[in-house]
Amino acid sequence: MHISSINVYDAKNIHDVLNLLDKEPGRWSILAGGTDIMVQLDLGTWQAPNLINIWGISDLSGIRINKNEIEIGALSTFSEIINHPIIKKEFPMLIEAAMLTGSIAIQNRGTIGGNIMNASPAADTPPALLAYGAEIELTSKNEVRRLFYKDFHINYKLMRINQDEILTKIILPRTSNKTIDFYQKVGTRAAHSISKACIAVRLTMDKKTITDIKIGLGAVAPMPIRVYMTEDLLKGNKLSMDLIDQAILQIASEIHPIDDIRSNKAYRLRVAINLLRNFLKGLL
Amino acid sequence: MNTQKIKIQFTLNNQETIITTYPMKRLIDVLRDDLHLTGTKEGCGEGECGACAVFINGELVNSCLVPIIQVDGTIVSTIENFASDFELDRIQESFINNNGAQCGICTPGMILASSALLMKNANPNEQEIRTNLAGNLCRCTGYNKILDSVKEASKLIRKK
Ligand SMILES: Cc1cc2nc3c(=O)[nH]c(=O)nc-3n(C[C@H](O)[C@H](O)[C@H](O)COP(=O)(O)OP(=O)(O)OC[C@H]3O[C@@H](n4cnc5c(N)ncnc54)[C@H](O)[C@@H]3O)c2cc1C
Ligand code: FES
Ligand code: FES
């Protein structure tokens with residue numbers, strides 16, 4: 001689609017956005033930092049002729065620290081997240097993911113809401129959000145609702161969002177428990193390259209028993225996923241080489257990587273397995 | 001059907017600038033084609049190479065990824081804003097002294113990315129330079145001379 005046929009509504013505040021989505025649901029798409037949309041426009045793959053520009057709407061950005069949770073505005077850039085001291089302290093995997101997302105110039109412009117909504121299976125922040133048990137806030141003119149992020153992606157680029165809704169917040173639950181985080185992205189080049197596989201784990205341990213664990217994965221399925229059966233197998237059990245072997249068998253049957261230009265199925269499966277095994281072995 | 005052109009007003013290299021164009025026109029095309037500021041280069045057109053870097057409100061961005069509607073009301077600064085009529089910027093000087101440029105296509109972006117780094121960290125180590133320039137590709141120099149250039153610029157900046 002050529003730029004001369006794209007119509008942009010320059011929203012001044014969130015009410016503008018919600019009113020328009022309410023009046024003409026399905027007609028409008030959101031333009032945030034544009035780092036995905038502009039590339040698709042250039043490649044000729046962008047199809048939506050009507051955009052609502054939300055860049056600069058302050059109600060949609062900003063990070064708020066509450067007693068039990070942290071609220072991140074969907075329009076917050078990766079750079080804003082990277083520079084936040086409390087996120088750095090309590091949610092280091094999100095910082096790591098943001099720092100691995102493109103270059104500084106991309107981090108200054110790309111938003112976390114755009115990263116989620118673009119719904120690439122290989123995006124870097126979703127595995128971290130999954131491992132942290134994040135929630136998201138979706139807003140329409142008539143309703144503000146919350147959803148666990150783990151339930152948001154249904155299939156490739158298919159999400160539980162209505163046509164009159166916009167993603168407004170990402171919510172991270174704070175905890176005072178002692179937790180262990182593990183994040184690793186495997187790609188061809190450190191900065192910039194799109195993941196071939198990506199894993200994020202948060203767990204709590206009591207002596208050698210795993211008391212809680214969440215495992216988020218990227219690039220091993222048509223969308224970012226948790227591996228619930230592997231988590232259940234590990235949870236409540238004492239860590240041992242035998243348990244790790246069982247977990248590896250389980251995760252191998254639970255994920256379904258794809259072949260694409262960046263990598264193939266077998267390689268992705270191997271990488272995901274190795275990442276989990278090495279991490280768990282390090283805890284023995 | 002064509003959409004309507006809109007009026008965009010912004011400060012470009014300290015000058016009030018007004019332009020009427022399509023809202024999704026890329027900033028790089030406005031700079032190069034409409035305003036004839038050709039210092040900003042286009043390499044990949046997809047955000048990967050950093051040749052098109054500019055500052056918007058003091059932040060480093062790739063101008064091939066910024067639609068002009070998002071430039072309205074901002075302050076934009078390009079490579080043309082670095083040297084005065086009489087004097088080169090210290091980063092530019094260092095690139096010349098160290099042969100940090102060959103064909104020169106990546107150089108404006110390299111200089112802007114270096115400037116963004118040196119403004120927040122006047123004394124970066126080699127790893128910090130590499131991380132901060134990771135979004136800038138060069139097909140000619142092999143990068144070592146660019147690293148040398150940034151290191152010298154850092155010294156010059158700290159001296160003054
Ligand atoms: C050179 C380059 C390197 C990159 N590297 C990486 C990388 O390493 N890892 C990675 O994960 N990504 C990477 N990306 C992808 C991109 O930067 C991210 O996905 C970014 O987070 C998108 O955010 P945005 O604000 O720019 O989105 P936009 O381009 O503005 O929008 C993206 C999509 O999300 C929708 N959308 C945006 N915000 C909302 C909202 N609040 N509510 C509803 N819908 C919304 C838009 O309609 C659109 O469909 C890279 C991109 C480039 C150009
Ligand atoms: S031309 Fe903009 S990043 Fe390459
Ligand atoms: S000098 Fe030619 S691309 Fe860097």
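We name chains A, B, ... by the order of the sequence lines, and we start the count at 1 in each one.
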List the atom pairs, with distances to 0.1 Å, where a side-chain N or O of residues 104-113 of chain A and a protein N or O form a donor-acceptor pair under 3.5 Å, not counting sequence neighbours.
residue : atom : partner : partner atom : Å
A:Q107  : NE2  : A:A98   : O            : 3.3
A:Q107  : NE2  : A:M99   : O            : 3.0
A:Q107  : NE2  : A:T101  : O            : 3.2
A:Q107  : NE2  : A:G102  : O            : 3.3
A:N108  : OD1  : A:S79   : OG           : 2.7
A:N108  : ND2  : B:L60   : O            : 2.8
A:R109  : NH2  : B:Q70   : OE1          : 3.0
A:T111  : OG1  : A:G114  : N            : 3.0

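Counting heavy-atom pairs closer than 4.5 Å to chain A, the top-ranked of the candidates B:L133, B:I56, B:N132 is B:N132. When the candidates B:G73, B:P23, B:A53 are compared by the number of heavy-atom contacts under 4.5 Å with chain A, B:P23 comes out ahead. For chain A, the option among B:D72, B:N62, B:T21 with the highest count of heavy-atom pairs below 4.5 Å is B:N62.
Around CD of B:Q15, the count of heavy atoms belonging to other residues, nucleotides or ligands within 6.0 Å does not exceed 12. Heavy atoms of other residues, nucleotides or ligands lying less than 6.0 angstrom from NZ of B:K145 number 12 at most.
For the atom pair CG (B:N2) and CD1 (A:I3), the distance works out to 9.5 Å, reported to the nearest 0.5 Å. Here the CD1-CD1 distance, from A:I6 to B:I69, works out to 11.5 Å after rounding to the nearest 0.5 Å.
Contacts from residues 22-35 of chain A to chain B, taken as heavy-atom pairs separated by less than 4.5 Å, involve A:L31, A:A32, A:G33, A:G34, A:T35 in sequence order. Along residues 95-115 of chain B, no residue comes nearer than 4.5 angstrom to chain A, judged on non-hydrogen atoms.
With sequence neighbours excluded, the residues forming a salt bridge (charged side-chain N to carboxylate O under 4.0 Å, His left out) with B:E42 are B:R26, listed by chain and number.
Residue contact with chain B, scored on non-hydrogen atoms closer than 4.5 Å, involves the backbone and the side chain of A:N7 alike.
Considering all non-hydrogen atoms of both residues, B:G135 and A:S103 come closest at CA-CB, 3.3 Å.
For the pair B:M24 and A:L51, the minimum side-chain heavy-atom distance is below 4.5 Å. Looking at B:C64 and A:M38, their side chains never come closer than 4.5 Å, going by heavy atoms from C-beta outward.
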